[in-house]
Amino acid sequence: MRLSQRRADTLNRHVRFLHRRRKDRSTLPCLETGGTQVYAYWERGAGLVVSVHLDTGEVPSDLISRDGTIAVRITVNGHDVFVAD
């Protein structure tokens, strides 16, 4: 998938941060963009956990490839650790 810079900029401008609520302990910090959700939180015994949810049903069709997948690249300190085109 080729995402234009203009489309990427639009998606990045519409990001929402959903923080953990005091009264609802099951809620975790979440970044919501382009219909996807990315959780980043600390877990006892595991350290930093990053969880990517692409199945929200809210992903615009132009972000989904013909085979039904979404391109993903995950980096740690600037180094690719996972790439799925």
- Look at atom CG of Asp67 and say whether more than 12 heavy atoms of other residues, nucleotides or ligands are closer to it than 6.0 Å.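 Yes.
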
Would you say [X] and [Y] make side-chain contact, with heavy atoms under 4.5 Å?
X	Y	result
Thr33	Val38	no
His19	Pro29	no
Arg13	Val15	no
Leu28	Val49	no

Hey, could you give me the [atom1]/[atom2] distance between [X] and [Y], rounded to the nearest 0.5 Å?
X	Y	atom1	atom2	answer
Asp55	Thr36	CG	OG1	10.5 Å
Leu31	Leu18	CG	CG	8.0 Å
Arg7	Asn12	CZ	CG	10.5 Å
His53	Glu58	NE2	CD	14.5 Å
Asp85	Arg2	CG	CZ	8.5 Å

State yes or no: do [X] and [Y] share one hydrophobic cluster built from I, L, V, M, F, W and Y residues joined by side-chain heavy-atom distances below 4.5 Å, directly or via other members?
X	Y	value
Val52	Val76	yes
Ile70	Val50	yes
Val81	Leu54	yes
Ile74	Tyr41	no
Val72	Tyr39	no

Could you tell me whether the side chain of [X] and the main chain of [Y] form a donor-acceptor pair under 3.5 Å?
X	Y	value
His14	Thr10	yes
Asp80	Phe82	no
Ser65	Thr69	yes

- Item | Shortest non-hydrogen contact from Pro60 toward Gly34 |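 So the minimum-distance heavy-atom pair works out to CD-O, 3.3 Å.
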
